Amino acid sequence: MDYKELYEQEQERNAVLSERLAELEEEKEEISHKLKRIKDNPIWKASTPVRMFGHKVVNNIRRVKNLGGPRGIMLKINYKKREAEAKKFYGTKSFPDEARRKFEEEYSFDKRPLYSILVPLYNTDRTMLKEMIDSVEWQTYSNWELCLADGSDAAHAYVGETVAEYNDPRIKYKKLEKNGGISENTNQCLTLATGDYIGLFDHDDILHPSALFEYTKVINEQDADYIYCDETTFKSGNIDHMLTMHFKPDYAVDNLRANNYICHFSVFKKTLLEGTELFRTRFDGSQDHDMILRLTDKAQKIVHVPRLLYYWRSHAGSVAGNISAKEYAIDAAKGAVADHLRKHGYTDFKITSTRAFETIFKIRYKLNGSPLISIVIPNKDHASDLKRCVYSILEKSTYTNYEIIIVENNSTEKATFDLYEELKEASDKISVVTFEGEFNYSAVNNFGVSFAKGEYILLLNNDTEVITLNWLEEMLMYAQREDVGAVGAKLYYADRTIQHAGVVIGLGAHRTAGHTHYKMPKENLGYMGRLCYTQDVSAVTGACLLVKKSLWDEVGGLDTDFKISLNDVDFCLKLREKGYLNVFTPFAELYHYESVSRGLDDSGEKAERYNKESEHFRTKWKEVLKKGDPYYNANFSLDRSDFSVKVE
């Protein structure tokens with residue numbers, strides 16, 4: 001097929017798509033017009049209370065639906081039971097006893113930074129105000145100053161009076177002439193700050209007594225210049241009445257672009273503000289997300305303290321108590337992320353809300369051209385599985401510039417070889433190469449890649465089936481980034497439960513690596529919405545893995561010492577060791593009828609082989625495993641894949 005014919009085909013394809021786009025734009029315009037007429041109707045406006053109640057009912061129904069049916073509901077109930085047990089250890093029970101408090105108060109640090117804790121006040125409830133200040137006063141590390149800017153109205157004059165009662169020279173108070181909103185009021189707090197580090201604290205929240213002590217430790221040990229911790233929401237004025245505990249990963253730029261997971265308790269070196277603002281008022285509603293994106297870009301050492309040290313109060317007037325995002329806040333968050341992306345050189349991207357929450361985003365990056373992708377599929381017999389896999393690629397994929405290299409290895413059935421001929425006749429994109437010798441997943445794939453003409457390599461199991469039409473585009477938009485190594489897809493079993501949604505090192509009985517959210521229903525949102533946004537992970541499965549050919553070569557492909565298992569995780573860790581990010585995207589979906597071709601590694605000789613490869617993996621990556629997975633959390637159990645918290 002010559003270039004002219006290809007060009008004409010592409011022109012025809014574009015013409016069809018352009019026509020469809022025009023039709024959709026016309027439909028959108030008509031719907032927008034009708035929607036405006038409805039919203040302007042007095043009856044619509046008068047029915048607001050009824051509709052709000054209806055929304056709550058619908059949202060609760062949707063929450064149940066997102067659990068994926070009776071099995072998912074039972075999984076959630078059991079998870080909540082384990083979480084309730086774990087919560088007992090993260091409230092006041094986690095506070096230092098008298099001996100521990102004495103140890104922390106007397107501990108001699110080489111560096112004793114002064115923390116300026118900024119708290120904008122506005123009509124703050126008296127009890128909440130006192131509890132907030134008390135939690136700072138009770139810090140075991142004493143070198144701090146509390147900078148309060150008060151925008152309260154005349155009816156709440158008690159706010160200033162309450163602060164004055166403390167008579168502590170470390171508390172700095174400024175009465176503002178008018179309330180400037182959270183961004184401006186916080187910026188006013190900053191004018192009072194003389195510290196080395198700035199901390200952001202809400203006027204109705206509570207700090208763990210050891211928060212500043214733990215932060216000072218990582219400043220001394222790691223020279224941290226941006227620090228955050230785990231947090232929880234609580235109700236009824238009692239931190240032991242926790243609602244949602246949020247145990248976070250270490251710094252992960254793709255997670256942060258998708259949602260503000262860092263949030264509280266953000267503390268950073270004051271010098272990071274040089275040449276920039278603290279809060280930018282144009283991002284009011286998501287001013288903290290904007291600030292975190294800007295300052296983490298500048299930071300040299302971002303440290304996550306994996307301890308629950310921040311208690312976020314949930315009440316009628318708080319952000320934590322009103323989880324429905326306002327439209328202006330959604331727009332501000334999108335604007336903050338867009339500003340960040342533009343500074344990193346990205347253009348023509350698209351930011352949309354996901355089904356998890358309005359401020360948890362999907363980012364669609366612009367594809368740089370249409371590079372050739374070489375899809376490498378190892379195969380031994382199981383003709384029906386291979387046929388289903390290959391035809392799903394040919395018939396469903398909207399990305400067309402790919403080749404398929406089937407690596408034949410020790411097939412014996414005539415049907416298999418007949419299928420090879422059928423597939424080669426069906427598409428000139430398909431070729432079959434033969435690997436001689438016993439099955440070694442790593443060697444077979446390395447052999448297949450040696451025939452690849454593409455700029456990108458996609459490892460794909462023969463027992464997969466494409467679901468998402470633009471699965472290649474969704475993976476390629478990340479793989480093309482200079483900072484990204486391997487990209488993995490979201491894979492389901494035939495019963496629509498999750499087989500792969502990212503890999504955590506150290507997870508599972510062998511303490512090697514395991515899949516998170518394993519066997520969760522397809523509809524599940526995941527821990528803190530993690531099944532709904534693209535994120536950085538330590539590894540992805542080789543059942544569907546996209547990587548630049550240059551990076552494949554750079555790390556030497558798959559290690560043939562891992563004949564059957566853990567070769568994909570080892571490959572990803574080699575990329576991570578080189579400084580590349582490995583990414584999981586839930587927006588490229590396939591079925592994976594796992595191990596129907598070669599069987600499972602759970603008995604006899606196969607189990608023995610897996611044990612040996614596990615031992616080799618633990619030896620090779622001993623120091624990495626010892627540090628733990630940076631994208632998981634030390635508080636999570638390594639015996640479960642559902643993000644259950646450890647119970648000591």
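Everything numeric in this text was worked out from a predicted model, so none of it was measured.
A distance-only check finds a donor-acceptor pair linking the side chain of Asn567 to the backbone of Phe562 [under 3.5 Å]. The main-chain N or O of Gly557 is found under 3.5 Å from a side-chain atom of Lys574 such that the two form a donor-acceptor pair.
With sequence neighbours excluded, no residue forms a salt bridge (Lys or Arg N to Asp or Glu O under 4.0 Å) with Glu221. When the side chain to side chain contact (heavy atoms under 4.5 Å, CB included) test is applied to Lys334, the partners found at least two apart in sequence or on another chain are Ile330, Ile351, Ser353, Phe361. Checked against ring-ring contact (aromatic ring centres under 6.0 Å, His included), Tyr251 has no partners two or more places apart in sequence or in another chain. Residues meeting the salt bridge (Lys or Arg N to Asp or Glu O under 4.0 Å) test with Asp110, sequence neighbours left out: none. Residues satisfying the side chain to side chain contact (heavy atoms under 4.5 Å, CB included) test with Asp568, not counting sequence neighbours, are Thr541. Listed by chain and residue number, Lys362, Arg364 satisfy the salt bridge (Lys or Arg N to Asp or Glu O under 4.0 Å) test with Glu474 (two or more places apart in sequence, or in another chain). Remark: Lys88 pairs with Glu85 by the salt bridge (Lys or Arg N to Asp or Glu O under 4.0 Å) rule, at least two apart or across chains. Scanning for side chain to side chain contact (heavy atoms under 4.5 Å, CB included) contacts around Ala299 gives Asp225, Tyr226, Leu272, Ile302, with sequence neighbours left out. The side chain to side chain donor-acceptor pair (under 3.5 Å) test applied to Asp339 returns Arg280, Lys343, not counting sequence neighbours.
Side-chain contact check for Ser644 and Glu83: no donor-acceptor pair (N or O, by modelled atom type) lies under 3.5 Å. Side-chain atoms of Tyr478 and Asp254 include no donor-acceptor pair closer than 3.5 Å.
In this structure, Phe109 has its ring center closer than 6.0 angstrom to the ring center of Phe213. Checked against a 6.0 Å centroid threshold, the rings of His304 and Tyr228 count as neighbours. The aromatic ring centres of Phe571 and Trp552 sit less than 6.0 Å apart. Between His246 and Tyr261, a ring centre-to-centre spacing not shorter than 6.0 Å is recorded. A distance below 6.0 Å separates the ring centres of Phe643 and His517.
Using a 4.5 Å heavy-atom cutoff, the side chains of Tyr492 and Gln499 are not in contact.
Shown here is Lys235, whose NZ atom has no more than 12 heavy atoms of other residues, nucleotides or ligands within 6.0 Å.
Under the side-chain contact (heavy atoms from CB on, under 4.5 Å) test applied with Cys572, the options Val503, Val537, Val555, Leu545 reduce to a single match, Leu545.
Under the salt bridge (Lys or Arg N to Asp or Glu O under 4.0 Å) criterion, the residue pairs touching residues 575-591 are Lys522-Glu589, with sequence neighbours excluded. Evaluation of the salt bridge (Lys or Arg N to Asp or Glu O under 4.0 Å) test over residues 531-541, restricted to residues two or more places apart or in two chains, returns none. Among residues at least two apart or in separate chains, there is no salt bridge (Lys or Arg N to Asp or Glu O under 4.0 Å) pair with a member in residues 262-274.
Relative to the ring axis of Tyr365, Arg481 places its NZ or CZ within 45° and under 6.0 Å from the centre.
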